[in-house]
Amino acid sequence: MITQKGLIEININRLDHLVLTVTNIDKTCDFYSRVLGMKVITFGEGRKALHFGQQKINLHEVGKEFEPKAKSPMSGTADLCFLTDIQMPDVIHHLGDCKVIIEDGPVIRTGALGSITSVYVRDPDGNLIEISNYN
């Protein structure tokens, strides 16, 4: 689309992937697959990613990042919110079965499309993981 000033307007419509820098790819893959149900995939020259829905999280190991990369990649600096269709009581039960500590919640928050109910946990690197349902 061309704006009135003659500039091209780029309309972003979804996130394809993001990169998470981690200290241990195997521990990260175990957590995200076992606890959050993401599929671990291997691509390129043995790189790992976590696939869910129509998105993925590419994994970089600290000190072994792929180029190009973030200016200052560090583990434990992410704050991510994931949506699930599983009812919150079942999410809480599953987290308990997985021995994952809930740091906060369930609490009401505001998601991109409205009100969500969320619980907060930490992944192996200390990233804050919000697991949510739309109300």
Side-chain angles (χ1 to χ4, degrees):
M1 168 182 257
I2 305 292
T3 66
Q4 289 181 352
K5 294 181 180 181
L7 301 174
I8 295 175
E9 182 178 296
I10 298 175
N11 284 333
I12 303 298
N13 60 26
R14 71 180 175 99
L15 178 70
D16 182 79
H17 71 276
L18 60 88
V19 175
L20 194 59
T21 302
V22 302
T23 56
N24 185 303
I25 288 179
D26 291 335
K27 284 183 181 178
T28 299
C29 289
D30 175 67
F31 175 86
Y32 283 86
S33 63
R34 183 176 49 84
V35 177
L36 300 180
M38 294 182 185
K39 182 180 178 185
V40 177
I41 59 172
T42 303
F43 68 102
E45 297 177 8
R47 294 181 60 187
K48 297 287 185 187
L50 306 163
H51 186 267
F52 59 101
Q54 295 180 349
Q55 292 76 232
K56 70 176 181 154
I57 300 172
N58 291 345
L59 301 175
H60 286 190
E61 193 167 341
V62 173
K64 300 177 185 176
E65 298 89 359
F66 295 90
E67 296 293 340
K69 63 179 184 267
K71 183 176 180 180
S72 302
M74 296 177 61
S75 65
T77 61
D79 182 342
L80 305 170
C81 179
F82 296 108
L83 296 172
T84 181
D85 293 330
I86 305 300
Q87 295 300 309
M88 196 53 64
D90 295 329
V91 169
I92 292 167
H93 182 78
H94 173 70
L95 293 171
D97 287 348
C98 292
K99 308 287 189 251
V100 174
I101 297 168
I102 296 174
E103 288 201 3
D104 194 15
V107 294
I108 304 297
R109 296 288 191 242
T110 302
L113 301 176
S115 179
I116 55 177
T117 300
S118 302
V119 294
Y120 293 85
V121 301
R122 300 263 175 198
D123 76 0
D125 285 291
N127 294 304
L128 185 64
I129 305 300
E130 181 179 356
I131 305 167
S132 305
N133 297 127
Y134 270 98
N135 297 326

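Residues Ile129 and Ile131 form a side-chain contact, since some pair of their non-hydrogen atoms from C-beta on lies under 4.5 Å apart. For the pair Thr42/Arg47, no side-chain contact is recorded, criterion being any heavy-atom separation below 4.5 Å from C-beta on.
Side-chain N or O atoms of Asn133 include one that pairs as donor or acceptor with a backbone N or O of Thr84 at under 3.5 Å. Tyr134 places a side-chain N or O within donor-acceptor distance of the main-chain N or O of Leu113, the cut-off being under 3.5 Å. No side-chain donor-acceptor contact under 3.5 Å links Asn58 to the backbone of Ala49. Listed for the Glu65 side chain is a donor-acceptor partner under 3.5 Å among the backbone atoms of Gly63.
Considering CE of Met38 and OG of Ser33, their distance stands at 10.0 Å, rounded to 0.5 Å. Rounding to the nearest 0.5 angstrom, the gap separating the CG atom in Leu20 from the OG atom in Ser75 is 9.0 Å. Rounding to the nearest 0.5 angstrom, the gap separating the CG atom in Leu128 from the CD atom in Glu103 is 6.5 Å.
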Checklist entry - Can you check side chain to side chain contact (heavy atoms under 4.5 Å, CB included) on Asn127 and Asp79, steps first, answer last? => result CA-CA 6 Å; Asn127 294 304; Asp79 182 342; over 6 Å; no
Item to check | side chain to side chain contact (heavy atoms under 4.5 Å, CB included) between Ile116 and Thr110, intermediate numbers included | outcome: CA-CA 6 Å; Ile116 55 177; Thr110 302; over 6 Å; no
Item to check | Derivation and outcome, side chain to side chain contact (heavy atoms under 4.5 Å, CB included), residues Val35 and Leu95 | outcome: CA-CA 7 Å; Val35 177; Leu95 293 171; 3.6 Å; yes
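In this structure, Lys56 forms a cation-pi arrangement with Phe43, its terminal cationic atom sitting closer than 6.0 Å to the ring centre and no more than 45° off the ring axis.
A salt bridge links Arg109 to Asp104: at least one charged side-chain nitrogen sits closer than 4.0 Å to a carboxylate oxygen.
Pairs engaging residues 53-111 under the ring pair (Phe, Tyr, Trp, His ring centres under 6.0 Å) rule: Phe52-Phe82, His60-Phe66 [sequence neighbours left out].
Between the side chains of Asp125 and Thr23, at least one donor-acceptor pair of N or O atoms lies under 3.5 Å.
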